[in-house]
Number of protein chains: 2
Amino acid sequence: MRDDIHTTGLPALCASCEARHRGICGALTAEQLTLLAKASSKRRAEEGAELIGDAENVESYANVLSGVVKLTKMLSDGRQQIVGLQFAPDFVGRPFRTESTLAAEAATDVELCSFPRATVERMMAEQPDLEHRLLEQTLKELDQARDWMVTLGRKTAAEKVASFILMIARNIDPTMQPQQRAVTFDLPLSRAEIADFLGLTIETVSRQFTRLRSEGVIRIEHNRRVILDDIRKLAASAGN
Amino acid sequence: MRDDIHTTGLPALCASCEARHRGICGALTAEQLTLLAKASSKRRAEEGAELIGDAENVESYANVLSGVVKLTKMLSDGRQQIVGLQFAPDFVGRPFRTESTLAAEAATDVELCSFPRATVERMMAEQPDLEHRLLEQTLKELDQARDWMVTLGRKTAAEKVASFILMIARNIDPTMQPQQRAVTFDLPLSRAEIADFLGLTIETVSRQFTRLRSEGVIRIEHNRRVILDDIRKLAASAGN
DNA sequence: CGCAACTTTGAGCTGACTCAAGCCGGGTGG
DNA sequence: CCACCCGGCTTGAGTCAGCTCAAAGTTGCG
């Protein structure tokens, strides 16, 4: 098989990688990409696997290639809050800090492309474009975090759950429009995780799903699969 | 008057500016600083003044020189959430986006050093160190936002108010220790604003202040001044 | 088939909200 | 100098959204 014109000279690892275009690797030259790829490893983690623990030393960063990573924080008495979800091709890791301030866990089965900390930081120093991409991603995450603060602080349980379903749906299909027909997707989180994301209890989340179902907004199959029948009505229930 | 050795050749505007050291201007050469200073203006805004509205076009960025700027988001029905507080020498503005996604308002009387958007973005392109500083600040804000998500999603009203007072106290005096004697400072926010920051109502915030007062943790003068008598007990009430 | 984990549903409780007064300090004008 | 007002804060009483505790229903898996 001949090399694709765009992948000539690129590491096999990167040839079909989404992060090379939309993710931070897009900032690298073919040469640098080769260098980074040498130090990188593609790895899988299954649902529930802890990728990095709170207060652990950070030895590596990673790109999400598929699946969903959840970022969580916990209070000393065990109360937990999910503070972010990372989808492909997001970058996972906190540059310029050796100790993690949160835990990262595979919410679904996940594929990661993992780089040693030192290599990434060296490249960042010599390739401003890489730092620029990282800034862009960090700003995006900050915007998301702030949007979510409004949801956590000011929305009702019904609005929180509607906002959550909408957010997931939009991540699966970014082109989704209010007037379009049904959209189907799998929730990447259990009821307990959704509760931890929304600052609610499992029971309240479940009741809100039931309500949306009885109002004909969604259908649910096997607990995780959502068929979103009335996008408009869901968007209206989300508050904003 | 002779120039201080450290300010030789620097714009008068910047000579005594905190942002030159701790803020993003520290990334600039004397030459660039001069260039930026030419396009900059120091301005004051009084308490309550809107610095930039939601969905407005961003024409300038700014450094906070003194006072506190609050960043707010609002739902269509008027519910409001404060999503960030900026103290000196923080940078205010969202790079790489022409339209603001939140409103910035002077929470107290504020001094700002304001730069035209175009100038900052040009310098960012030619001075990677500037982008690096911006990345550092953005990461710091992201960490803060995520900490606050835990507070909003999982803490009780009592813990929220304790966390808030502690956060403000630590911003006024970063060296504050649990065992130390009383610390006095002014709250930069009204009860209504504290409520919007914590996802509570005015009344609940007020009741929690009263409780802390009756427990001997704090004293309050003229509504705004807090004398923090028992730092340890306050920290214990903050959850975490 | 049977267990274990997850989800749903129900019933009662409670922390924070709503609504309504009253209080306090600062400014204004008589 | 004092009476008044106004905005911000506090306090009280009653309500309710979301929580807790409990039980029953699903689903997936060995």
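Chain letters run A, B, ... following the sequence lines, proteins first and then strands; every chain starts at 1.
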DNA chain D contacts made by residues 151-166 of chain B, counting heavy atoms under 4.0 Å: none
Heavy-atom closest pair, residues [X] and [Y]:
X        : Y        : result
A:Gly153 : B:Leu152 : CA-CD2, 4.1 Å
A:Leu139 : B:Pro95  : CD1-O, 4.0 Å
A:Ser40  : A:Phe115 : OG-CD2, 3.1 Å
A:Asn63  : A:Pro89  : OD1-O, 4.1 Å

Global bending angle along the helix from C:dC1-D:dG30 to C:dG30-D:dC1, which compares the axes of five pairs at either end, to 10 degrees: 30°
Touch class at under 4.0 angstrom, heavy-atom based, for B:Ile202 against every strand present: base
Sugar-phosphate, base or nothing in reach of A:Thr210, heavy atoms under 4.0 Å: sugar-phosphate
B:Phe185 six-ring face occupied by B:Arg225 cation (under 6.0 Å, within 45°): no
Short side-chain N/O contact from A:Ser190 to OP1 or OP2 of C:dC6, under 4.0 Å: no
Reading 5' to 3' through nucleotides 19-26 of chain C, protein heavy-atom contacts under 4.0 Å coded B for base, S for sugar-phosphate only, - for none: B-------
Are [X] and [Y] within salt-bridge range, i.e. N to O under 4.0 Å?
X        : Y        : value
A:Glu59  : A:Arg117 : no
A:Arg94  : B:Asp143 : yes
A:Asp109 : A:Arg44  : no

side-chain hydrogen bond (donor to acceptor under 3.5 Å, both in side chains) partners of residues 230-240 of chain A, not counting sequence neighbours, each pair once: A:Lys155-A:Asn240
A:Leu200 CG to C:dA16 C1', straight-line distance once rounded to whole Å: 15 Å
A:Arg211 CZ - C:dT9 P separation (whole Å): 13 Å
Check against salt bridge (charged side-chain N to carboxylate O under 4.0 Å, His left out), B:Arg79 and B:Asp196: CA-CA 8 Å; B:Arg79 282 175 288 176; B:Asp196 281 345; over 6 Å; no
Side chain to side chain contact (heavy atoms under 4.5 Å, CB included), paired with B:Ile168, selected from B:Ile165, B:Asn171, B:Ile172: B:Ile172
A:Arg207/A:Glu203 under salt bridge (charged side-chain N to carboxylate O under 4.0 Å, His left out): CA gap, chis, key distance, verdict: CA-CA 6 Å; A:Arg207 283 184 242 276; A:Glu203 294 92 331; 5.8 Å; no
First and last nucleotide of DNA chain D, 5' to 3', lying under 4.0 Å from heavy atoms of chain B: D:dC9 to D:dA13
Residues forming a ring pair (Phe, Tyr, Trp, His ring centres under 6.0 Å) with B:Tyr61, sequence neighbours excluded: B:Phe91
